[in-house]
**Student:** 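Take this structure, written in structure tokens, and hold onto it; I'll ask about it next.
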Amino acid sequence: MTANASTARRPRRPTKRRVRQGWWFPYLIILPAIVFELLIHIIPMLTGIWMSFKQLTKFFIANWSAAPDAGLDNYRRVLDMSGSVGMGFRNSLLITCAFTIIVVGLSWALGMLAAVVLQRPFRGRAVVRTLFLVPYALPMYAGIIAWKFMFQKDNGAINHILQSLGILDEGAFWLIGNNAFFALVIVAIWRWWPFAFLMLMAGLQSIPEDVYEAAALDGARPLRQWWSITLPMLRPVNLVLLLNMFLWTFNDFNTPYVLYGTANPPAGDLISFHIYNASFLTWNFGAGSAMSTLLLLMLLALSGMYIVYLNRRSENA
Amino acid sequence: MREGRGFKLLRVVVVLALAAFVALPLYVMISSSLKPLQDVQGDFSWWPTHLTVSPFLDMWKTVPLGRYFVNSIIVATIATIFSLIIAIFASYAVSRYRFRGRGAFTTAILSTQMFPGVLFLLPLFMIFSNINTAIGVQLVGTRGGLVLTYLTFSLPFSIWMLSGYFNGIPRELDDAAKVDGCGPLAALFRVVLPAARPGVVAVAIYAFMTSWGEVLFASVMTTDANRTLAVGLRLYSTQTAVYWNQIMAASLAVSVPVVIAFLLLQRSFVAGLTAGAVK
């Protein structure tokens with residue numbers, strides 16, 4: 001057989017055995033994916049953008065298509081920093097940015113550390129690896145609920161540990177006040193670092209051993225090997241990993257929702273949660289939609305810049 | 001990398017610290033689920049002094065956990081099956097055909113993953129209500145609506161992961177099958193899919209975990225009759241008491257099947273992830 005991958009790439013002239021398959025075939029089999037994505041994601045998203053230009057309060061929610069036009073009013077309110085809506089939005093964005101940077105950074109660092117340390121076989125490696133993956137496998141809310149219990153003031157494990165170590169004299173509140181931010185960060189890292197570990201571990205396995213041996217012969221110390229071999233070889237994995245973790249963390253709704261319930265402390269007011277509360281608790285759907293739209297634009301811009309940057313880097317490489 | 005003594009020491013320290021971090025909530029969950037209510041309401045203790053299994057028995061009565069379990073299983077299973085079928089076809093097209101709009105399709109699908117859930121929660125809710133008034137199909141407050149929603153949540157990642165997997169399977173295999181008279185679909189089902197079994201399994205687990213753990217849409221789109229576990233667990237907190245021991249017992253019951261399935265199949269999952277990431 002002389003037909004190889006390079007000829008298969010171009011659409012060949014229809015031959016007898018290809019008759020059953022026209023140009024439309026690939027479109028036919030991606031059609032279900034398109035239909036469902038349109039129905040659940042694209043159309044609702046466009047509707048949401050449309051809603052951000054409407055005066056959508058509780059009076060119009062039952063008959064939302066008849067809601068009066070609001071022009072840019074919703075956007076004006078959301079972006080007006082002197083108003084309460086605008087201030088809430090800005091604070092929430094700042095908290096979310098801090099949260100995302102800390103959580104993604106530390107999760108990546110822990111995942112990398114664990115993956116490097118577990119790269120070579122040693123006794124008990126399989127057990128350790130399995131244990132490390134459990135938080136990722138656990139249903140999200142189950143893990144968060146366990147943390148919620150541990151962060152209780154009087155009957156929780158965290159205050160108990162801190163007190164018996166002598167770090168705290170008296171139990172602190174963790175789910176209200178400023179501590180709530182740290183509680184949120186810890187839970188999110190606990191939940192996400194195993195995913196970084198999983199991806200990085202998989203990436204490390206694809207690096208051939210002899211590269212390290214050659215480097216060792218040249219006298220490269222472990223840290224140097226990590227910097228000059230491991231890190232560059234992991235680039236494709238890191239790019240995908242960081243983009244995904246960024247998006248998941250930035251959009252995180254579950255962690256604050258399960259941790260605090262609907263009464264959230266200001267320090268833990270992540271943006272998704274903020275929008276949810278603005279829409280469903282204060283019935284301000286127009287402003288909620290405007291915030292969602294702005295959030296989407298920001299995410300698209302950031303991801304777009306990231307992807308363009310990647311493409312440029314890989315062209316130069 | 002040669003492993004010096006320093007590295008081995010580092011390894012012990014890192015492994016112990018991370019293991020403690022990971023295991024702490026798991027331990028608290030297990031030990032608290034074996035304590036009577038007074039003990040979880042009082043000061044925290046590491047060891048259950050009055051060991052009891054009654055939380056595991058009572059949790060079914062405090063809250064209709066059995067019903068929520070059935071709901072979650074039905075919703076997650078059906079959503080997984082549909083998501084898997086759709087993802088298999090789409091990734092086969094992406095991996096094996098160079099059609100016009102292919103790049104646009106993959107970009108569009110992947111970018112839906114960026115959408116914050118809250119962005120389309122309310123519009124989707126309203127569209128579902130409108131569908132109900134227009135053609136009488138009830139989607140809000142039914143399992144069907146939740147299935148429909150969930151099956152799209154895992155799609156972007158599944159398509160990406162599976163097409164990476166398919167790319168790793170030599171084209172010569174399906175070409176040979178076509179020479180033998182198979183159509184493209186027969187080639188997919190008889191040759192490509194069996195060779196990609198680990199990838200398919202990984203995607204199925206991912207899809208199942210996504211629906212099993214979803215909270216936001218489950219809390220808005222369900223009513224008492226079709227509530228899923230994600231929402232049901234909240235009901236152990238009442239006005240008078242928070243049944244922490246039963247919450248922990250129920251969380252364990254909810255987690256154990258998924259965790260075991262994931263850990264058994266983690267190798268496929270890792271392979272699927274790398275195939276996607278490295279291309």
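Worth knowing before you read on, the calculation uses all heavy atoms, side chains too, and leaves out hydrogens, waters and symmetry mates. Within every chain, numbering begins at 1; the chains are lettered A, B, ... in the order of the sequence lines, protein sequences first and strands thereafter.
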**Student:** Between A/Ile161 and chain B, with a heavy-atom cut-off of 4.5 Å, which part of the residue counts as in contact: side chain, backbone, both or neither?
**Tutor:** side chain
**Student:** Using heavy-atom distances under 4.5 Å, tell me whether B/Leu26 contacts chain A through its side chain, its backbone, both, or neither.
**Tutor:** side chain
**Student:** Less than 4.5 Å to any heavy atom of chain A: does that hold for the side chain of B/Leu18, its backbone, both, or neither?
**Tutor:** both
**Student:** Where on B/Phe82 is there a heavy atom nearer than 4.5 Å to chain A: the side chain, the backbone, both, or neither?
**Tutor:** neither
**Student:** Does any backbone or side-chain atom of A/His160 lie under 4.5 Å from a heavy atom of chain B? Answer side chain, backbone, both or neither.
**Tutor:** side chain
**Student:** Does any backbone or side-chain atom of B/Tyr236 lie under 4.5 Å from a heavy atom of chain A? Answer side chain, backbone, both or neither.
**Tutor:** neither
**Student:** What part of A/Phe149 gets within 4.5 angstrom of chain B, counting heavy atoms only: side chain, backbone, both, or neither?
**Tutor:** both
**Student:** Please classify the contact of B/Leu151 with chain A as side chain, backbone, both or neither, using a heavy-atom distance under 4.5 Å.
**Tutor:** side chain
**Student:** Counting only heavy atoms closer than 4.5 Å, note whether A/Ser279 contacts chain B via side chain, backbone, both or neither.
**Tutor:** neither
**Student:** Compute both the distance and the angle, then confirm whether B/Arg102 meets the cation-pi test with B/Tyr97: under 6.0 Å from the six-membered ring centre, within 45 degrees of the axis.
**Tutor:** no
**Student:** Would you mind telling me which of A/Gly156, A/Gly288, A/Ala220, A/Ala114 has the largest number of heavy-atom pairs within less than 4.5 Å of chain B?
**Tutor:** A/Gly156
**Student:** So which part of A/Asn155 gets closer than 4.5 Å to some heavy atom of chain B, the side chain, the backbone, both or neither?
**Tutor:** both
**Student:** Which bit of B/Ile159 comes within less than 4.5 Å of chain A, counting heavy atoms only: side chain, backbone, both or neither?
**Tutor:** side chain
**Student:** Examine whether an atom of A/Arg221 lies under 4.5 Å from a heavy atom of chain B, and if so say whether it belongs to the side chain, the backbone or both; otherwise answer neither.
**Tutor:** neither
**Student:** Which one of A/Met150, A/Met140, A/Arg129 has the most heavy-atom pairs closer than 4.5 Å to chain B?
**Tutor:** A/Met150
**Student:** Could you tell me which portion of B/Leu121 (side chain, backbone, both or neither) has an atom closer than 4.5 angstrom to a non-hydrogen atom of chain A?
**Tutor:** side chain
**Student:** Going by atom types only, do B/Ser95 and B/Asn167 share a side-chain donor-acceptor pair under 3.5 Å?
**Tutor:** yes
**Student:** Answer with side chain, backbone, both or neither: which region of B/Leu263 has an atom nearer than 4.5 Å to a non-hydrogen atom of chain A?
**Tutor:** side chain
**Student:** Given heavy-atom pairs under 4.5 angstrom as the criterion, report whether the side chain, backbone, both or neither of A/Leu118 touches chain B.
**Tutor:** side chain
**Student:** I'd like to know if the side chain of B/Thr112 pairs up with that of A/Glu37 as donor and acceptor (distance under 3.5 Å, no hydrogens or angles considered).
**Tutor:** yes
**Student:** Quick check on B/Thr210 against chain A: is it the side chain, the backbone, both or neither that has a heavy atom closer than 4.5 Å?
**Tutor:** neither
**Student:** Can you tell me which portion of B/Phe44 sits under 4.5 Å from chain A's heavy atoms? Options are side chain, backbone, both or neither.
**Tutor:** both
**Student:** Which bit of A/Met45 is near chain B, if near means a heavy-atom gap under 4.5 Å: side chain, backbone, both or neither?
**Tutor:** both
**Student:** Looking at every heavy atom in both B/Ala202 and B/Met161, which two are closest together, and how far apart are they?
**Tutor:** CB-CE, 3.8 Å
**Student:** Check whether A/Leu299 gets within reach of chain B through its side chain, its backbone, both or neither, counting any heavy atom under 4.5 Å.
**Tutor:** both
**Student:** If I measure from the heavy atoms of chain B, does A/Ile40 come under 4.5 Å with its side chain, its backbone, both, or neither?
**Tutor:** both
**Student:** Which answer fits B/Phe21, side chain, backbone, both or neither, if we ask what part of it has an atom under 4.5 Å from a heavy atom of chain A?
**Tutor:** both
**Student:** Going by atom types only, do A/Tyr212 and A/Arg120 share a side-chain donor-acceptor pair under 3.5 Å?
**Tutor:** no
**Student:** Report yes or no: does B/Ser33 contribute a side-chain atom to a donor-acceptor pair with the main-chain N or O of B/Met248 at less than 3.5 Å?
**Tutor:** no
**Student:** Where the side chain of B/Tyr92 meets the backbone of A/Pro26, is there a donor-acceptor pair that is under 3.5 Å apart?
**Tutor:** no
**Student:** Under a 4.5 Å heavy-atom cutoff, which of B/Val258, B/Val15, B/Asp43 has the most pairs with chain A?
**Tutor:** B/Val15
**Student:** Just so I understand: if I count every heavy-atom pair under 4.5 Å between each of A/Phe246, A/Phe250, A/Phe36 and chain B, which residue has the most?
**Tutor:** A/Phe36
**Student:** How long is the span from the CG atom in A/Leu198 to the CD atom in B/Gln266, to the nearest 0.5 Å?
**Tutor:** 7.5 Å
**Student:** With only heavy atoms counted, which part of B/Phe157 is less than 4.5 Å from chain A, the side chain, the backbone, both or neither?
**Tutor:** side chain
**Student:** Is the distance between the ring centroids of A/Trp248 and A/Phe195 less than 6.0 Å?
**Tutor:** yes
**Student:** Name the member of A/Pro139, A/Gly143, A/Pro194 that forms the most heavy-atom pairs with chain B at distances under 4.5 Å.
**Tutor:** A/Pro139
**Student:** Which atoms of A/Asn254 come close to chain B, meaning under 4.5 Å heavy atom to heavy atom: side chain ones, backbone ones, both, or neither?
**Tutor:** side chain
**Student:** Go through B/Ile85, B/Leu124, B/Asp39 and name the one with the most non-hydrogen pairs under 4.5 angstrom from chain A.
**Tutor:** B/Leu124
**Student:** How would you list, by chain and number, every residue that makes a ring-ring contact (aromatic ring centres under 6.0 Å, His included) with A/Phe273, sequence neighbours excluded?
**Tutor:** A/Phe253
**Student:** Just give me the residue among B/Ile247, B/Val242, B/Thr149 that pairs up with chain A most often, heavy atom to heavy atom, under 4.5 Å.
**Tutor:** B/Thr149
**Student:** Heavy-atom pairs under 4.5 Å with chain A - which of B/Leu216, B/Ile86, B/Ile88, B/Val220 has more of them than the others?
**Tutor:** B/Leu216
**Student:** Please classify the contact of B/Trp212 with chain A as side chain, backbone, both or neither, using a heavy-atom distance under 4.5 Å.
**Tutor:** both
**Student:** Side chain, backbone, both or neither: which part of A/Asp252 has a non-hydrogen atom closer than 4.5 Å to chain B?
**Tutor:** neither
